[in-house]
Amino acid sequence: MQLAEAQQKIERALLSFGLEASEAEAETRWILDHLGFSTLTQRVSPGQLLAPLQWEQAQALLARRQVHEPLQYILGNQPFCGLLLKVTPAVLIPRPETEELVHLALNTLPVIAEALRIADFGTGSGAIALALAQELQKRRQASQIWASDLSAAALALAAENAHLNHLNEAVIFLEGDGLAPFLALDLELDLLISNPPYVPLAQWQTLAPEVQLYEPQMALTPGEDPLRFYRLLAEQGPHLLRSGGQLWLELEASLASETQSLFLNEDWVQVRLLPDFAGQTRFLNALRV
Ligand SMILES: C[S@@+](CC[C@H](N)C(=O)[O-])C[C@H]1O[C@@H](n2cnc3c(N)ncnc32)[C@H](O)[C@@H]1O
């Protein structure tokens with residue numbers, strides 16, 4: 001079968017599974033790339049032939065996609081801020097909004113002679129901590145980065161991602177509940193950053209099957225109290241940050257002002273909400289007094 005025909009068949013199949021046209025197009029490109037046909041080849045050599053084994057592989061992939069398994073879990077990876085992260089159902093698939101969070105936080109970090117001290121709470125695949133580590137290395141800014149999670153399986157994968165991206169020594173991974181692993185180290189951080197679980201439990205049922213059936217529920221919803229982790233960060237964050245240290249959080253747009261109100265007290269200044277590229281209020285930034 002020629003590449004152009006395979007492309008059409010895959011795209012049609014994805015559309016029939018309910019994907020939007022732009023998603024079907026992007027996933028088709030990604031699947032063909034996985035089969036060994038670069039985006040350039042797809043564009044300039046539509047007449048190339050697929051080996052029977054390659055088409056069988058595509059069929060197997062589509063069978064999994066049809067039952068809503070996210071393509072990232074099927075292929076086993078997700079690009080994030082220039083890194084390629086391994087992902088499994090043990091971790092949330094890192095989202096584009098979280099790339100924005102990383103860029104926003106980086107823009108507020110000072111350039112200092114000493115190492116910047118950073119903690120990423122709820123690191124999952126290691127996405128935020130590793131992206132920060134890589135960018136600070138590029139800037140030749142020394143850093144000490146700690147990243148925590150309650151899930152041992154997630155932390156094992158995060159450590160593997162550090163290795164796969166040549167960032168072995170750059171992040172110290174810690175297992176534990178809430179901010180306890182950081183508090184135990186008596187840190188004085190320049191940046192505390194997190195994309196904590198924030199989907200209200202009631203909203204869980206309304207999520208796409210890709211999310212509901214395959215992504216770890218513990219990574220997405222904090223349970224009955226949707227603001228649980230923001231309360232924790234508002235109360236315990238001041239014990240972890242130096243005076244003037246930055247707090248950067250991703251949040252649920254529909255709970256933005258409730259989230260912000262948790263930080264409107266004597267511990268924090270310059271508490272502001274920021275939108276993501278889609279225009280949704282998505283981030284909170286505050287400085288420790
Ligand atoms: C929304 S995911 C974020 C993952 C990653 N930082 C990202 O942005 O892609 C939240 C993470 O918090 C972790 N988590 C959930 N409850 C926790 C708790 N009580 N203590 C520490 N981590 C927790 C989950 O295992 C999950 O990896």
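Because the structure is predicted, anything quoted here is derived from the model rather than measured. Start at 1 and go down the list; that is how both ligands and their atoms are numbered.
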Taking both backbone and side-chain atoms of L150, is any N or O found less than 3.5 Å from an N or O belonging to ligand 1? yes

Using a strict cut-off of 4.0 Å, indicate which atoms of ligand 1 neighbour a heavy atom of F121. 20 (N), 21 (C), 22 (N)

Short side-chain donor-acceptor distance under 3.5 Å, T108 and W248: yes

Please say whether D149 places an N or O atom under 3.5 Å from an N or O atom belonging to ligand 1. yes

Quick look: E99 vs ligand 1, heavy-atom contacts under 4.0 Å, and the answer is neither

Which of the ligand 1 atoms, numbered from 1, are nearer than 4.0 Å to a heavy atom of R228: 19 (N)

Would you mind telling me if ligand 1 is within reach of the side chain of Y198, the backbone, both or neither, using heavy atoms under 4.0 Å? neither

Who pairs with R117 by side-chain contact (heavy atoms from CB on, under 4.5 Å), at least two apart in sequence or on another chain? Q144, W146, E188, L189, D190, R242

Report yes if some heavy atom in the side chain of L132 is under 4.5 Å from a heavy atom in the side chain of L191; otherwise report no. yes

Heavy-atom proximity to atom 18 (C) of ligand 1, best of L220, V199, D177: D177

Using the rule given for salt bridge (Lys or Arg N to Asp or Glu O under 4.0 Å), can you reason through E5 versus K9, listing the C-alpha separation, both sets of side-chain angles and the distance that settles it, and then say yes or no? CA-CA 6 Å; E5 189 186 345; K9 285 192 166 158; 3.1 Å; yes

Side-chain donor-acceptor pairs under 3.5 Å in residues 78-90, sequence neighbours left out?
residue, atom, partner, partner atom, Å
Q78, OE1, Q72, NE2, 3.2
Q78, NE2, P94, O, 3.4
K86, NZ, E160, OE2, 2.8
T88, OG1, A90, N, 3.1

I need the atoms of ligand 1 closer than 4.0 Å to a non-hydrogen atom of P94, numbered in the order shown. 9 (O)

Element-labelled atoms of ligand 1 that are located less than 4.0 Å from some non-hydrogen atom of G178: 18 (C), 19 (N), 20 (N), 21 (C)

Q212 side chain to Q205 main-chain N or O, any donor-acceptor pair under 3.5 Å? yes

Which of the atoms of ligand 1 are close to T98, meaning less than 4.0 Å from one of its heavy atoms? 8 (O)

Between F37 and L50, does the side chain to side chain contact (heavy atoms under 4.5 Å, CB included) criterion hold? Intermediate values first, please. CA-CA 9 Å; F37 302 98; L50 261 78; 3.8 Å; yes

If you measure from atom 12 (O) of ligand 1 to every heavy atom of A127, G122, P216, A152, which option wins on shortest distance? G122

Protein heavy-atom partner closest to atom 15 (C) of ligand 1 - residue, atom, separation in Å: M218 O, 3.4 Å

Derivation and outcome, side chain to side chain contact (heavy atoms under 4.5 Å, CB included), residues E250 and T98: CA-CA 7 Å; E250 192 173 315; T98 311; 2.7 Å; yes

Could you report the tightest heavy-atom contact between F17 and L62, atom names first, then the distance? CE1-O, 3.6 Å

Numbering as shown, the atoms of ligand 1 that approach F229 to under 4.0 Å (heavy-atom distance): 16 (N), 17 (C), 18 (C), 19 (N)

Start with the C-alpha distance between E235 and R231, add both sets of side-chain angles, then the distance that settles salt bridge (Lys or Arg N to Asp or Glu O under 4.0 Å), and finish with yes or no. CA-CA 6 Å; E235 282 162 21; R231 275 183 229 292; over 6 Å; no

Under a 4.0 Å heavy-atom limit, does N195 contact ligand 1 with its side chain, its backbone, both, or neither? both

Under 4.0 Å from one or more heavy atoms of G176, ligand 1 contributes atoms 20 (N), 21 (C)

Can a non-hydrogen atom of P197 be found less than 4.0 Å from any atom of ligand 1? yes

Side chain, backbone, both or neither: which applies to R95 and ligand 1 if a contact is any heavy-atom pair less than 4.0 Å apart? neither

Of the side chain and backbone of A219, name the one, both, or neither that has a heavy atom under 4.0 Å from an atom of ligand 1. both

Side chain of Q141, backbone of E114: donor and acceptor closer than 3.5 Å? yes

With side chains defined as the heavy atoms from C-beta onward, is the minimum distance between L249 and F263 less than 4.5 Å? yes

Considering heavy atoms of the protein only, find what lies nearest to atom 5 (C) of ligand 1 and give residue, atom and distance to 0.1 Å. T123 O, 3.3 Å

